[in-house]
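Have a look at the structure below, then the notes.
Side chains included, hydrogens not; waters and symmetry mates left out as well; all remaining heavy atoms used. Positions are given from 1 along the sequence.
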Amino acid sequence: MIKTALYIFLGILFSVLILSQFGILSGTPPDDLGVNASLLKAPSETRNSVSSQASLHPDNPQQSYADIQPLPLKNGSVENSMAALLGVLQGMPEITVVEQQPDYVYAQAQTRWLKFVDDLEFWVNPKLGVIDVRSASRLGREDFGANRERMEAIRKAYLVQP
């Protein structure tokens with residue numbers, strides 16, 4: 001009986017791994033990304049996103065979980081800061097830059113094995129002189145800190161860029 005259950009479990013696991021390679025776990029890109037009235041999309045109401053604008057959404061039940069610091073501008077220069085950010089993103093093999101504008105970047109990060117896709121946004125906030133950030137999983141209710149970890153890795157690499 002235990003042996004049969006193990007075979008069933010392994011069969012399901014193998015099937016999920018195979019199906020994931022065809023994009024079944026990648027989800028659909030949200031249609032409300034971008035900047036609207038100086039705001040990026042609100043963080044998710046579950047524990048699967050981070051945003052430097054989380055405090056602007058006080059009714060969000062995950063506001064404190066989602067809160068993360070924005071990126072500082074490099075020497076006050078939007079152009080240099082965005083060039084450094086793009087260099088970091090393009091140097092990370094799991095990240096694909098989908099859209100870039102002088103003050104906004106949209107990228108997608110894909111996990112290696114299951115091919116889950118997370119949406120990443122970066123916007124130069126001219127009022128605060130920072131790059132606001134947002135990273136959110138498309139699927140699931142919990143990311144086990146993956147979005148925060150990725151965003152902090154981006155921050156670390158960005159800060160050492162000239």
Side-chain angles (χ1 to χ4, degrees), residues 20 23 25-162:
S20 70
L25 299 177
S26 64
T28 304
D31 58 4
D32 57 349
L33 295 176
V35 182
N36 185 8
S38 298
L39 290 174
L40 295 170
K41 180 179 170 83
S44 303
E45 293 191 0
T46 58
R47 293 171 51 98
N48 68 353
S49 68
V50 294
S51 173
S52 61
Q53 294 185 338
S55 65
L56 301 177
H57 303 278
D59 295 337
N60 187 307
Q62 297 303 325
Q63 177 192 7
S64 62
Y65 176 81
D67 191 44
I68 193 168
Q69 292 298 308
L71 299 175
L73 289 181
K74 294 191 162 288
N75 300 319
S77 169
V78 171
E79 186 176 289
N80 291 346
S81 300
M82 293 305 275
L85 176 61
L86 283 168
V88 168
L89 296 175
Q90 291 167 343
M92 300 178 91
E94 72 277 10
I95 294 179
T96 302
V97 174
V98 176
E99 177 185 346
Q100 70 182 72
Q101 299 173 12
D103 65 346
Y104 175 81
V105 172
Y106 165 56
Q108 295 173 352
Q110 187 174 57
T111 61
R112 184 175 183 186
W113 295 102
L114 294 179
K115 306 294 184 194
F116 287 111
V117 175
D118 297 342
D119 297 293
L120 289 69
E121 295 184 281
F122 303 86
W123 172 63
V124 176
N125 185 328
K127 183 178 177 184
L128 299 178
V130 297
I131 299 175
D132 275 316
V133 301
R134 179 183 181 277
S135 182
S137 302
R138 290 183 184 171
L139 301 176
R141 301 181 57 80
E142 174 69 55
D143 72 352
F144 303 102
N147 283 292
R148 181 174 305 281
E149 185 177 310
R150 182 185 308 107
M151 209 44 96
E152 291 301 344
I154 291 169
R155 176 188 316 283
K156 184 177 179 182
Y158 170 82
L159 291 174
V160 299
Q161 291 289 313

Check against side chain to side chain contact (heavy atoms under 4.5 Å, CB included), Glu94 and Gln110: CA-CA 5 Å; Glu94 72 277 10; Gln110 187 174 57; 5.6 Å; no
Stepwise side chain to side chain contact (heavy atoms under 4.5 Å, CB included) test for Asp119 and Arg138: CA-CA 7 Å; Asp119 297 293; Arg138 290 183 184 171; 3.0 Å; yes
Residue pair Val105, Leu86: steps toward the side chain to side chain contact (heavy atoms under 4.5 Å, CB included) verdict: CA-CA 8 Å; Val105 172; Leu86 283 168; 4.0 Å; yes
Check against side chain to side chain contact (heavy atoms under 4.5 Å, CB included), Val133 and Val50: CA-CA 8 Å; Val133 301; Val50 294; 5.8 Å; no
Verdict with reasoning, Asp132 to Ser52, per side-chain hydrogen bond (donor to acceptor under 3.5 Å, both in side chains): CA-CA 6 Å; Asp132 275 316; Ser52 61; 2.7 Å; yes
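The main-chain N or O of Arg134 is never found under 3.5 Å from a side-chain atom of Lys41 such that the two would form a donor-acceptor pair. Formation of a donor-acceptor pair under 3.5 Å by the Arg141 side chain with backbone atoms of Glu45 is not found in this model.
When each of Val130, Val35, Asp103 is tested with Asn125 by the rule side chain to side chain contact (heavy atoms under 4.5 Å, CB included), just one qualifies, namely Val130.
Residues Phe122 and Met151 approach most closely at CE2-SD, 3.6 Å, considering heavy atoms. His57 approaches Leu40 most closely through the heavy-atom pair NE2-O, 4.3 Å. Closest approach of Asp143 to Gly145, counting heavy atoms only: OD1-N, 2.9 Å. Taking each heavy atom of Ala84 and Pro162 in turn, the nearest pair found is CB-O, 4.5 Å.
Tyr104 and Glu99 share no side-chain donor-acceptor pair at under 3.5 Å. For the residue pair Ser137/Asn48, the side-chain donor-acceptor check at 3.5 Å is not satisfied.
The salt bridge (Lys or Arg N to Asp or Glu O under 4.0 Å) test applied to Arg148 returns no partner, not counting sequence neighbours. Partners of Asp59 according to the side-chain contact (heavy atoms from CB on, under 4.5 Å) rule, which considers only residues two or more places apart in sequence or in another chain, do not exist here.
Arg150 has a carboxylate O that lies under 4.0 Å from a charged side-chain N of Asp118, or vice versa, which qualifies the two as a salt bridge.
If you take OH on Tyr158 and CG on Leu89, they are separated by 11.0 Å, rounding to the nearest 0.5 Å.
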